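The structure displayed is predicted, hence computed values, not measured ones. Within every chain, numbering begins at 1; the chains are lettered A, B, ... in the order of the sequence lines, protein sequences first and strands thereafter.
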Amino acid sequence: MQQLSSDFFTNDVLIVAPKLIGKIIQIKTEKGVESFRITETEAYRGEKDLACHARKGKTSRTAPMYELGGILYVYLIYGMHWMLNIVTAEKNNPQAALIRGVEKYNGPGKLTKRMGINKNFNYLNICESEQFQILDDGFSPEIKTGKRIGIDSAGEIYKNKAWRYYQSE
DNA sequence: TGAGTGATCGTA
DNA sequence: ACGATCACTCAC
């Protein structure tokens, strides 16, 4: 059981997002230490990607994505649901992998609710944090790809990219 | 299929 | 200051 190093996240999101499948999120909550194995991710890749928040450039919301890979990008959507993203790539290359599902909790809003993820986790460095870590226990499942979900306004080219990754049964 | 919900950002 | 938008979820 090994914690992922900074190098792991300093790669293109199209490399990192599929590699995150099967890895384990370990989080310290009021209940103690809990673990969740990642089953589904999506890649959001730079200002050119019309589905990525960074398509409009750097703002206070998207600033975390412009940092060096290895921190969290957390934001609220529809006034209710916290979205958990892992920032990837080098500084000023705004990319992130959305954690869309973990074992037993599918859906990006459901898993953050279960984990207690909120605004306080934004910018958290996951290579240095005691509270939130990602671990590799050697498990490497077969991975399938598909179109990303919920990005209808993104335009034909990027809407149809197969940048969603999930574990096949 | 549509309501709930509030931060964010462009426009003024 | 205002209004449109939104990487979702749940109940019909």
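Within the 4.0 angstrom heavy-atom criterion, only backbone atoms of the sugar-phosphate kind lie near M83(A); the bases stay farther away. Looking at heavy-atom distances under 4.0 Å, R148(A) makes no contact with the nucleic acid at all. Using a 4.0 Å heavy-atom distance criterion, I151(A) is classed as a sugar-phosphate-only contact.
The side chain of R61(A) places no N or O atom within less than 4.0 Å of a non-bridging phosphate oxygen (OP1 or OP2) of dC6(C). A close approach under 4.0 Å does not occur between any side-chain nitrogen or oxygen of S60(A) and OP1 or OP2 of dT8(B). Of the side-chain N and O atoms in S153(A), one or more sit less than 4.0 angstrom from OP1 or OP2 of dC6(C). For dA7(C), the OP1/OP2 oxygens have a side-chain nitrogen or oxygen of H53(A) closer than 4.0 Å. In terms of phosphate contacts, K119(A) brings a side-chain nitrogen or oxygen within less than 4.0 Å of OP1 or OP2 of dT8(B).
The distance from atom CG of L84(A) to atom P of dC8(C) is 14 Å, rounded to the nearest whole Å. The nearest whole Å value for the distance from the CG atom in N85(A) to the P atom in dC8(C) is 11 Å. In this structure, the CG atom of N106(A) is 20 Å from the P atom of dA7(C), given to the nearest Å. Atoms CG (L98(A)) and P (dC6(C)) sit 16 Å apart, rounded to a whole Å. The nearest whole Å value for the distance from the OH atom in Y78(A) to the P atom in dC6(C) is 7 Å. The CD1 atom of I77(A) sits 13 Å away from the C1' atom of dA4(C) (whole-angstrom rounding). Note: OH (Y105(A)) to C1' (dT9(C)) measures 16 Å, nearest angstrom. We find that NE2 of H81(A) is positioned 11 Å from C1' of dA3(B), with the value rounded to whole Å.
Residues R100(A) and E42(A) are paired through a salt bridge, judged by an N-O separation under 4.0 Å between the basic side chain and the carboxylate.
Nearest heavy-atom pair across Y123(A) and A63(A) is OH-CB, 3.3 Å. Nearest heavy atom pair, residue R164(A) against residue I149(A), reads NE-CD1, 3.6 Å. The two residues D49(A) and Y44(A) make their nearest non-hydrogen contact at OD2-CA, 3.6 Å.
F139(A) is listed as a side-chain neighbour of Q167(A), based on a closest heavy-atom distance under 4.5 Å. Put simply, the side chain of T41(A) reaches to within 4.5 Å of the side chain of I99(A), judged on heavy atoms.
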Listed pairs, N/O of protein and of nucleotides 10-12 of chain C, under 3.5 Å:
none

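Both the sub-6.0 Å distance and the 45° axial angle are satisfied by R61(A) relative to the ring of Y75(A). Cation-pi check for R148(A) over Y158(A) is not met; the charged atom does not lie both under 6.0 angstrom from the ring centroid and within 45 degrees of its normal.
Between the side chain of Y66(A) and the backbone N or O of K58(A), at least one donor-acceptor pair lies under 3.5 Å.
Taking only side-chain atoms of T59(A), from C-beta outward, the nucleotide of dC9(B), dC6(C), dG4(B) with the closest atom is dC9(B).
For a distance-only test at 3.5 Å, the side chain of Y75(A) qualifies as a donor-acceptor partner of the base of dA7(C).
Where stacking is scored as ring centres under 5.5 Å apart with planes under 30°, Y44(A) registers as stacked on the base of dA7(C).
Comparing L76(A) and K56(A) against DNA chain B, the residue whose closest nucleotide sits nearer the 5' end is L76(A).
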Quiz item: In dot-bracket notation, what is the pairing pattern of DNA chain B, taking Watson-Crick (N1-N3 plus N6-O4 or O6-N4) and G-U wobble (N1-O2 and O6-N3) contacts under 3.5 Å, with [ ] crossing and | for other strands?
Solution: ||||.||||||.
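L68(A) is not connected to V13(A) by any chain of hydrophobic side-chain contacts under 4.5 Å among Ile, Leu, Val, Met, Phe, Trp and Tyr, and they are in different clusters.
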